[in-house]
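Quick notes on the structure that follows.
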Protein chains: 2
Amino acid sequence: MEPKTYTHDEIIAMLREHGINPTAQRVEIARELFSRKGHYSAEDVFALVNNDQTQVSKATVYNTLGLFAEKRLIRQLIVDPTKVFYDPNMVPHHHFYDVVTGKLTDIDANDVRITGLPALPPGAQMEGVDVIIRMRQANPTAG
Amino acid sequence: MEPKTYTHDEIIAMLREHGINPTAQRVEIARELFSRKGHYSAEDVFALVNNDQTQVSKATVYNTLGLFAEKRLIRQLIVDPTKVFYDPNMVPHHHFYDVVTGKLTDIDANDVRITGLPALPPGAQMEGVDVIIRMRQANPTAG
DNA sequence: CTCCTAACTTATAATCGGTCTAAATCTATG
DNA sequence: CATAGATTTAGACCGATTATAAGTTAGGAG
Ligand SMILES: [Mn+2]
Ligand SMILES: [Mn+2]
Ligand SMILES: [Zn+2]
Ligand SMILES: [Zn+2]
């Protein structure tokens with residue numbers, strides 16, 4: 001299932017709906033992200049965005065990804081100890097994480113039920129629930 | 001519930017049971033970790049271990065925490081984008097994570113049921129399931 | 001014991017994501 | 001056109017972690 005292709009104007013509308021001023025760089029970064037599914041580091045996005053003619057600075061890539069996450073246009077994944085990943089898929093879902101390759105795979109959250117969690121501490125607002133299933137590919141005929 | 005106090009020999013036995021050669025530094029680090037409950041960065045452990053007479057280098061603290069985690073004597077927590085935390089509590093449990101303060105709180109996993117997860121990819125071994133509930137303390141009278 | 005080697009520890013340099021700074025550029029408005 | 005606020009940028013900087021290379025330790029062989 002390839003992700004929907006968004007027009008320039010649709011991207012701009014998405015940004016506006018999330019309270020983000022649609023500058024050229026932000027539109028370009030959003031377009032790259034939403035034209036694919038997957039999980040991307042800031043460096044990944046920097047490479048994607050500068051593959052073609054456009055030129056966006058590293059600082060802007062970092063700033064923009066942080067802004068998008070804060071405005072909940074994309075989701076931040078803390079799962080690799082060395083870098084943050086960003087996920088354009090905002091449908092609630094969980095992840096498999098291959099601890100060897102670092103690869104992330106989506107798990108639809110519709111079928112998943114989590115019960116028995118305690119109440120939040122008083123005055124606390126839930127931000128989200130992350131479920132990460134760490135796994136390792138069984139050593140293929142090593143011995 | 002304060003954690004059990006371990007004797008020097010008990011610490012050594014714990015390390016041996018996990019296939020870890022009990023050097024002076026490793027015993028000291030293990031003692032500091034297991035004499036409290038909580039979630040500690042490598043810097044935290046470095047400070048704990050060098051509070052008293054003993055002197056353990058930063059490199060050894062990092063190496064030892066990595067070794068302990070690999071041998072499953074402690075658990076690594078990837079939840080803060082800037083640093084790794086280590087958890088001496090090996091009883092299966094989950095975590096609240098205050099995204100503002102960075103504070104981690106344990107959630108007993110006994111009561112928690114997670115159903116509807118898909119099967120692992122073929123050939124994959126499960127390493128563990130991490131559930132992290134991100135929350136934020138409601139803005140106390142700000143405005 | 002003393003010698004020898006492998007395991008371990010250490011100080012320090014290096015790496016690398018990520019953030020900060022201060023200057024340049026843009027954009028909307030008068 | 002002039003102005004100010006928002007944004008972008010190059011490059012300096014930072015802090016956690018890892019790599020390097022030299023020193024130390026422990027324990028078995030002789
Ligand atoms: Mn592009
Ligand atoms: Mn100590
Ligand atoms: Zn995902
Ligand atoms: Zn814990």
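Here is the naming used below: chain letters follow the sequence lines, and residue numbers restart at 1 for every chain.
- For D106(B), the side-chain hydrogen bond (donor to acceptor under 3.5 Å, both in side chains) partners two or more places apart in sequence, or in a different chain, are H39(B), N89(B), H93(B), H95(B).
- Qualifying side-chain hydrogen bond (donor to acceptor under 3.5 Å, both in side chains) partners for K58(B), counting only residues two or more places apart in sequence or in other chains: E43(B).
- Ion pair E17(A)/K71(A) not flagged as a salt bridge, since none of the NZ, NE, NH1 or NH2 atoms sits closer than 4.0 Å to an Asp/Glu carboxylate oxygen.
- With sequence neighbours excluded, the residues satisfying side-chain hydrogen bond (donor to acceptor under 3.5 Å, both in side chains) with S57(B) are T60(B).
- Residues forming a side-chain contact (heavy atoms from CB on, under 4.5 Å) with D80(B) (at least two apart in sequence, or on another chain): T82(B), K83(B), F85(B), Y97(B).
- Residues passing the side-chain contact (heavy atoms from CB on, under 4.5 Å) test with A124(B) are M135(A), Q137(A), L120(B), P121(B), sequence neighbours excluded.
- Residues that satisfy the side-chain hydrogen bond (donor to acceptor under 3.5 Å, both in side chains) test with Q125(A), not counting sequence neighbours, are absent from this structure.
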Would you tabulate the nitrogen or oxygen pairs shorter than 3.5 Å linking the protein to nucleotides 17-25 of chain D?
from    : atom 1 : to     : atom 2 : distance (Å)
dT17(D) : OP1    : V84(B) : N      : 2.8
dT17(D) : OP2    : Y62(B) : OH     : 3.1

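- Under the side-chain contact (heavy atoms from CB on, under 4.5 Å) criterion, T101(A) pairs with D98(A), K103(A), sequence neighbours left out.
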What are the atom names and distances for every N/O pair under 3.5 Å that joins the protein to nucleotides 23-25 of chain C?
none

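- Listed by chain and residue number, nothing satisfies the salt bridge (Lys or Arg N to Asp or Glu O under 4.0 Å) test with D44(B) (two or more places apart in sequence, or in another chain).
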Pairing string, 5' to 3', for DNA chain D - Watson-Crick or wobble contacts under 3.5 Å, brackets [ ] where pairs cross, | to another strand: ||||||||||||||||||||||||||||||
Detail all sub-3.5 Å separations between protein N/O atoms and N/O atoms belonging to nucleotides 5-8 of chain D.
from   : atom 1 : to     : atom 2 : distance (Å)
dT7(D) : OP1    : N21(A) : ND2    : 3.4
dT7(D) : OP1    : R26(A) : NH1    : 3.2
dT8(D) : OP1    : T23(A) : OG1    : 2.4
dT8(D) : OP1    : Q25(A) : OE1    : 3.2
dT8(D) : O3'    : Q25(A) : NE2    : 2.9

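- Between the P atom of dG11(D) and the CZ atom of F46(A) lies a distance of 12 Å, rounded to the nearest Å.
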